[in-house]
Amino acid sequence: MSVAKMATYSMQRLDAALLWLCLTGVGISYYAYVVETNKEKDHDYQPFCDISEHVSCTKAFMSDYGKGFGLIPKNSPLHLPNSIFGIIFYTVVASLSLFNNYWNTVLMLVASIMSNLFSLYLARVLYLLRDVCVVCVATYVLNALILVLTVKKLREIKAAPSKKRKTK
């Protein structure tokens, strides 16, 4: 297999993995949204992610940090469930990953870095709440994997011109 074909195959695998992670993220974020809205309507609602007193997704979702990351004022139109921001993030990253160019990948990298910073912030909040939210932790893992794959993709894109020169 030529270097160019290997690079194309590698990029296709990265794109497929990124797309799969993003679709998983949309699914998990949608589940979080459903759980939160159902809990708001019915306080007796018990989702699958509420396993015990200290392993509870609704404890995290219903906290002050469950909307607008606890940073956006309650009277703001952006004071939305964090899951909405997750759905937007994963959709944007999935869309950007469809195009293998430098600037789209840089935007993916910036978005991934931001999502991981928010993950660290929200993980700290979980610690302070003395809670383990399996849904939240799953998104933190997805965000970390997306960051790693985005860095790999950026390296592949930057190396592509030099690989083409080597094959000539």
Side-chain angles (χ1 to χ4, degrees), residues 12-100 104-154:
Q12 288 173 344
R13 288 184 59 183
L14 281 171
D15 290 341
L18 281 164
L19 190 57
W20 182 84
L21 290 171
C22 289
L23 290 174
T24 303
V26 167
I28 291 171
S29 296
Y30 178 72
Y31 174 74
Y33 178 76
V34 168
V35 167
E36 185 171 349
T37 55
N38 283 337
K39 189 68 173 180
E40 286 175 344
K41 292 176 192 171
D42 177 10
H43 293 291
D44 294 328
Y45 173 70
Q46 286 294 88
F48 293 118
C49 56
D50 279 357
I51 299 167
S52 72
E53 180 185 347
H54 296 292
V55 181
S56 168
C57 59
T58 56
K59 187 174 179 182
F61 299 161
M62 304 314 285
S63 76
D64 290 339
Y65 301 92
K67 289 189 175 163
F69 304 100
L71 301 171
I72 298 172
K74 290 182 180 181
N75 60 352
S76 170
L78 295 176
H79 191 260
L80 302 168
N82 295 347
S83 55
I84 297 292
F85 294 106
I87 291 169
I88 293 168
F89 165 73
Y90 295 117
T91 303
V92 167
V93 171
S95 301
L96 290 171
S97 75
L98 297 175
F99 303 98
N100 292 325
N104 279 15
T105 309
V106 167
L107 286 173
M108 285 173 54
L109 181 63
V110 169
S112 295
I113 290 169
M114 294 298 296
S115 74
N116 278 274
L117 290 174
F118 277 110
S119 292
L120 290 172
Y121 165 72
L122 292 172
R124 173 82 172 131
V125 167
L126 283 179
Y127 174 77
L128 294 174
L129 291 173
R130 297 181 189 273
D131 186 37
V132 176
C133 168
V134 292
V135 172
C136 305
V137 172
T139 62
Y140 306 160
V141 171
L142 285 176
N143 292 348
L145 290 172
I146 289 170
L147 177 61
V148 168
L149 293 182
T150 301
V151 169
K152 284 185 177 190
K153 181 172 180 166
L154 190 58

Quick one: salt bridge (charged side-chain N to carboxylate O under 4.0 Å, His left out) partners of Asp15, sequence neighbours excluded? Lys153

Looking only at the aromatic ring of each residue, does the gap between the centers of Phe48 and Tyr31 stay below 6.0 angstrom? no

Roughly how far apart are Leu147 CG and Leu142 CG, rounded to 0.5 Å? 12.5 Å

Within a reach of under 6.0 Å around NZ of Lys152, are more than 12 heavy atoms found that belong to other residues, nucleotides or ligands? no

Quickly, which of Leu14, Thr105, Leu149 forms a side-chain contact (heavy atoms from CB on, under 4.5 Å) with Leu154? Name it, please. Thr105

Please tell me whether Tyr121 and Phe69 form a close aromatic pair, meaning their ring centres lie under 6.0 Å apart. no

Are Glu40 and Lys67 close enough for a salt bridge, meaning some N to O gap below 4.0 Å? yes

N/O donor-acceptor pair under 3.5 Å between Lys39 side chain and Met62 backbone: no

Taking side chain to side chain donor-acceptor pair (under 3.5 Å) as the criterion, tell me which of Asp50, Asn38, Asp131 meets it with Thr58. Asp50

Test item: Ile51 and Val132 side chains (from C-beta on) under 4.5 Å apart, heavy atoms: no

Under the rule for disulfide (SG to SG under 2.5 Å), what residues qualify as partners of Cys22, not counting sequence neighbours? none

Return each pair, listed once, that meets disulfide bond (SG atoms under 2.5 Å apart) where at least one residue sits in residues 64-95; pairs must be two or more places apart or across chains. none

Taken to the nearest 0.5 Å, the spacing of Leu19 CG from Gln12 CD works out to 13.0 Å

With distance as the sole criterion, is a donor-acceptor pair present between the side chains of Asn143 and Tyr90 under 3.5 Å? yes

Quick one: does Thr139's side chain have a donor or acceptor within less than 3.5 Å of a partner on Cys136's backbone? yes

